[in-house]
Amino acid sequence: MINSKTTGFTCGDILLIPDFKEAVVLAGKNGMQRTINRVNVMEVPDVIDWVRPGEFLITSGFPFRDQPELISDMIPQLVEKGVAALGIKTKRFINSIPKRALELADQLDFPIFELPSATVFSDVVRDIMERVLVQEARELSLLQSRFQKLSQQLLYGKGIEEFLQTLDGMLNNPIILLDDSDHLFLSPQAEPLDQIHNGALWSQLRDDTNLGVSFITLGDRRIRVYISAVNDKQYTKCLLILLEWNQEHSVVDQLTIDRVGVLVGLEMINANARREVELKYVDQFLQDWISGRIVTMEDLRIRAEACGTPLEDNQQLNVGLIRWLDSKPAIKQLQQAVKRLRTKSFSGGGLQATIVEGELVLLLSMPAQVQLQSALDKACADLKALFASHPYSLCMGSLVDCPDKVNDSYSDAKKIHYISTICDYREPIVDYRKLGVFQLLYQLPDTKEVKEYRNQYITPLQEYDRKNNSLLFETMKVYFKHNKNVKKTSAELFTHYNTIAYRVERACTILDISLESGDDMLQLQLAIKLFEMRPI
């Protein structure tokens, strides 16, 4: 019999105790915790095309009067459609519900009721819909009160943190806000959870998961989450995430998350507007600092304090300049990278980023006891995540111990950038130590002797090329680039292997040097590199 003790069948959050007291639950007793949102009367064979999730489907059995076994075929389809339950009135058109249909319903935890022959369908519809409407009114009232309270908080400038704290208390579950820079805002119940601070886990939801209900693993728990997009169309999709950690979230909880997304979006627009202004001041400060336009330490400290980046004592500072190996990202992508890099931090140090002369520049600061390589490895990990499709080399200037010497480190980084471009160094990190002898070539004074040494090897080849419309000089450049590998040289120049070998021999003949002499070939290679650094 149907009553509040034997079923768990619900209408909204109200136990369904209809007027037909003699209805018997024949199947699906273990799956009776169902939510009804409407009633549908089925008296046509193709009703499966018209049912909706959450419906209580009732029938007199008329569509199955000649073939009762068709009920069995319909059960899996009803489950797939999300129908809440099926009620069948017997004794008029069919004597009993087929055993096979009841077995399938039990396997699928799908409730089937046998309705008394005296049941009046209009009474069933009225009774259930009254309960549904009452419950919906309660839910709408609760939703409205939540929305009003939260909107008042933001109206009076309480901010996102306090907003999430209130929402956390309302829903009794952790809340996470993921902004367009993959920065996490956590409600109080979210703070202590394992792996909750793993930004990559949440940012992945933006790309891999549709909005709505999903599942994630935190520690050793597999939990359900509800994901809603914040209504902030100016920026990359921001997510508001409700974790089902303490209790199951209800439909009203989900609607609350969806509705307050509008409020969060408005607040984020305001916050982003403030942040954009702040970023411009910070950018200008960093550009002036790195470029050496701030003259005194006193001015430097004042501006650093004003921008929220106070200078700390006993810090090592190092400037890195990104050299793009293939294609350079668009300026908007570089600007977005600057925003995201500023949200990153690593143990014992800090990372600032800005754009100087159209190039992405990093400023690393760390306590004297922190190893530079450790800081560089973490900075490179951040860069790799941001520029997966744009290979780069990080040109690092010299390490300085005083803020007013940062420009010296930047000047070094620019020199390394220039030299590594000429020498085609493609290592992830390049500094003076890795440039070897080529840094000495760059720093040679522009004297008469240096010019004569360079021209001794370069001028004869260039004059020969002009007279004979040949490519000896270009061939020798590529030849040394590939460590004197004729096969690789021919591949880059799209020229036959034998032609490359002939050009190399011809160049040596013109310069009166021996291809077999290591010293002769080294002299020519150094002259070519010197020319690339200082063209005639």
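Reckoned from all heavy atoms, side chains included, excluding hydrogens, waters and symmetry mates. These numbers come from a predicted model, not from an experiment.
Other residues, nucleotides and ligands place no more than 12 heavy atoms under 6.0 Å from the CD atom of E248. Within a 6.0 Å sphere centred on NZ of K328, other residues, nucleotides and ligands contribute more than 12 heavy atoms. Residue R65 qualifies as enclosed at atom CZ: its count of foreign heavy atoms under 6.0 Å is above 12. Q148 CD: 12 or fewer foreign heavy atoms inside a 6.0 Å radius.
Residues L286 and V361 form no side-chain contact, since every pair of their non-hydrogen atoms from C-beta on lies 4.5 Å or further apart. Proximity of Y410 to V356: side-chain heavy atoms (C-beta onward) are separated by under 4.5 Å at one or more points. Between I71 and I94 there is a side-chain heavy-atom pair separated by less than 4.5 Å. The shortest distance between side-chain heavy atoms of E43 and P63 falls below 4.5 Å. Contact of the D106 side chain with the I112 side chain is not registered, since no non-hydrogen atoms from C-beta on lie closer than 4.5 Å. Using a 4.5 Å heavy-atom threshold, the side chains of M74 and F64 count as touching. Between I429 and C380, some side-chain heavy-atom pair lies under the 4.5 Å cut-off.
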With side-chain contact (heavy atoms from CB on, under 4.5 Å) as the criterion, how do D253 and R146 come out once you've worked through the C-alpha distance, each side chain's angles and the decisive distance to 0.1 Å?
CA-CA 10 Å; D253 294 339; R146 287 176 173 178; 3.0 Å; yes
Determine, stepwise, if the pair V264 / L154 fulfils side-chain contact (heavy atoms from CB on, under 4.5 Å).
CA-CA 9 Å; V264 175; L154 291 181; 5.5 Å; no
Kindly determine whether L334 and I322 satisfy side-chain contact (heavy atoms from CB on, under 4.5 Å), including the steps that lead there.
CA-CA 11 Å; L334 293 179; I322 303 298; over 6 Å; no
Could you give me the CA-CA distance, side-chain angles and deciding distance for L78 and L108, then say whether side-chain contact (heavy atoms from CB on, under 4.5 Å) is met?
CA-CA 10 Å; L78 295 177; L108 299 172; over 6 Å; no
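Here T354 pairs with D283, Q287 under the side-chain hydrogen bond (donor to acceptor under 3.5 Å, both in side chains) rule; sequence neighbours left out. In this view, F387 and W324 satisfy the ring pair (Phe, Tyr, Trp, His ring centres under 6.0 Å) rule, not counting sequence neighbours.
The line from OG of S393 to CZ of R426 is 9.0 Å long, rounded to the nearest 0.5 Å. Atom OG of residue S151 and atom CD of residue E267 lie 12.0 Å apart, to the nearest 0.5 angstrom. In this structure, CG in L360 is found 11.0 Å from CD in Q335, a value given to the nearest 0.5 Å. With values rounded to the nearest 0.5 angstrom, I241 atom CD1 is found 8.0 Å from L184 atom CG. In this structure, CE on M42 lies 4.0 Å from OG1 on T59, to the nearest 0.5 angstrom. The distance from atom CD1 of I257 to atom OG of S228, rounded to the nearest 0.5 Å, is 7.0 Å.
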Which pairs would a plain distance check flag for residues 163-178, meaning a side-chain donor or acceptor within less than 3.5 Å of a matching protein atom at least two apart in sequence or in another chain?
residue: T166; atom: OG1; partner: Q153; partner atom: OE1; Å: 2.9
residue: T166; atom: OG1; partner: Q153; partner atom: NE2; Å: 2.6
residue: T166; atom: OG1; partner: E162; partner atom: O; Å: 3.2
residue: D168; atom: OD1; partner: Q189; partner atom: NE2; Å: 2.4
residue: D168; atom: OD2; partner: S187; partner atom: OG; Å: 2.6
residue: D168; atom: OD2; partner: Q189; partner atom: N; Å: 3.0
residue: N172; atom: ND2; partner: Q247; partner atom: OE1; Å: 3.1
residue: N173; atom: OD1; partner: W245; partner atom: N; Å: 3.0
residue: N173; atom: OD1; partner: N246; partner atom: N; Å: 2.7
residue: N173; atom: OD1; partner: Q247; partner atom: N; Å: 3.4
residue: N173; atom: ND2; partner: Q247; partner atom: O; Å: 2.9

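When all heavy atoms of V338 and A353 are compared, the pair lying nearest together is CG1-O, 3.4 Å. Across all their heavy atoms, F285 and C307 have their closest contact at CB-SG, 3.7 Å. Residue I227 comes nearest to S214 through the heavy atom pair CD1-CB, 4.0 Å, listed as atom of the first residue, atom of the second, then distance. Across all non-hydrogen atoms, the minimal contact from L104 to S72 is CD1-O, 3.3 Å. Closest of all the heavy-atom pairs between P116 and K89 is O-CD, 3.3 Å. Minimum heavy-atom separation, A304 to L311: CB-CG, 3.8 Å.
With respect to E244, the salt bridge (charged side-chain N to carboxylate O under 4.0 Å, His left out) criterion is satisfied by exactly one of R222, R221, R224: R224. Tested against Q77 for a side chain to side chain contact (heavy atoms under 4.5 Å, CB included), the candidates V51, I48, V83, D49 yield a single pass: I48.
For H390 (side chain) and D326 (main-chain N/O), no donor-acceptor pair under 3.5 Å exists by modelled atom type.
For the residue pair Q254 and D258, no side-chain donor N or O sits within less than 3.5 Å of a side-chain acceptor on the partner.
One finds no salt bridge joining D73 and R100 here, because no Lys/Arg side-chain nitrogen approaches an Asp/Glu carboxylate oxygen to under 4.0 Å.
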